[in-house]
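No hydrogens, no waters, no symmetry mates; every other heavy atom, side chains included, goes into these values.
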Amino acid sequence: MTQTQPMQKILVVDDSPTALRLTRDALAESGFDAVTARDGEEALEVAAKEHPSLVVLDIVLPKKNGFQVCRQLKTDPATSDMKVILLSSKNQETDRFWGMKQGADGYITKPYDLDQLVSSIRDTLATV
């Protein structure tokens, strides 16, 4: 009898209900347990409560932006082990640089392909 691996939990943070639903559904179809948040403050609350393996984080968000959320997650000992992939329409090299400086493990620009996102999540989770 083979033992199945538990589903890895992914937190998806986006203020667009459509983007949130599409991403959550794509992750569920790919075998992940997806939870969601719609603003920066909710993202921090859900991350602390659910302790996901990875956070897919939009940058332009109400209450706290993705850069602030990423920095808080990475500096808090309780959440610093979470991987973070920033997802944004901000496609300048300075945005990418700033995101990585906040501790992000990856940066994907919108519009993006859901298969590309799932692949990036798998790759990021595979790195220790």
[Y] side chain reached by [X] side chain, heavy atoms, under 4.5 Å:
{"X": "Leu87", "Y": "Leu57", "result": "no"}
{"X": "Tyr107", "Y": "Ile59", "result": "yes"}
{"X": "Leu54", "Y": "Leu11", "result": "no"}

In Å and rounded to the nearest 0.5 Å, what is the [atom1] to [atom2] distance from [X] to [Y]?
{"X": "Asp81", "Y": "Asp76", "atom1": "CG", "atom2": "CG", "result": "10.0 Å"}
{"X": "Asp115", "Y": "Ser119", "atom1": "CG", "atom2": "OG", "result": "8.5 Å"}
{"X": "Ile10", "Y": "Thr36", "atom1": "CD1", "atom2": "OG1", "result": "13.0 Å"}
{"X": "Lys83", "Y": "Leu125", "atom1": "NZ", "atom2": "CG", "result": "8.0 Å"}

For Ser89 and Tyr112, test the side chains for any donor-to-acceptor distance below 3.5 angstrom and give the result as yes or no.
no
Please give me the minimum heavy-atom distance between Pro52 and Ala47, naming the atom from each residue.
CD-O, 3.6 Å
Check Ala34 against Leu27 and note the closest heavy-atom contact, atom names and distance.
CB-CB, 4.1 Å
Quick one: does Asp105's side chain have a donor or acceptor within less than 3.5 Å of a partner on Val84's backbone?
yes
Please answer whether the main-chain N or O of Gln92 pairs with a side-chain N or O of Asp95 as donor and acceptor at a distance below 3.5 Å.
yes
Is there a continuous path of hydrophobic side-chain contacts, each under 4.5 Å between heavy atoms, that joins Leu73 to Met100?
yes
Applying side-chain hydrogen bond (donor to acceptor under 3.5 Å, both in side chains) between Lys64 and each of Gln72, Glu42, Glu41, report the one that passes.
Gln72
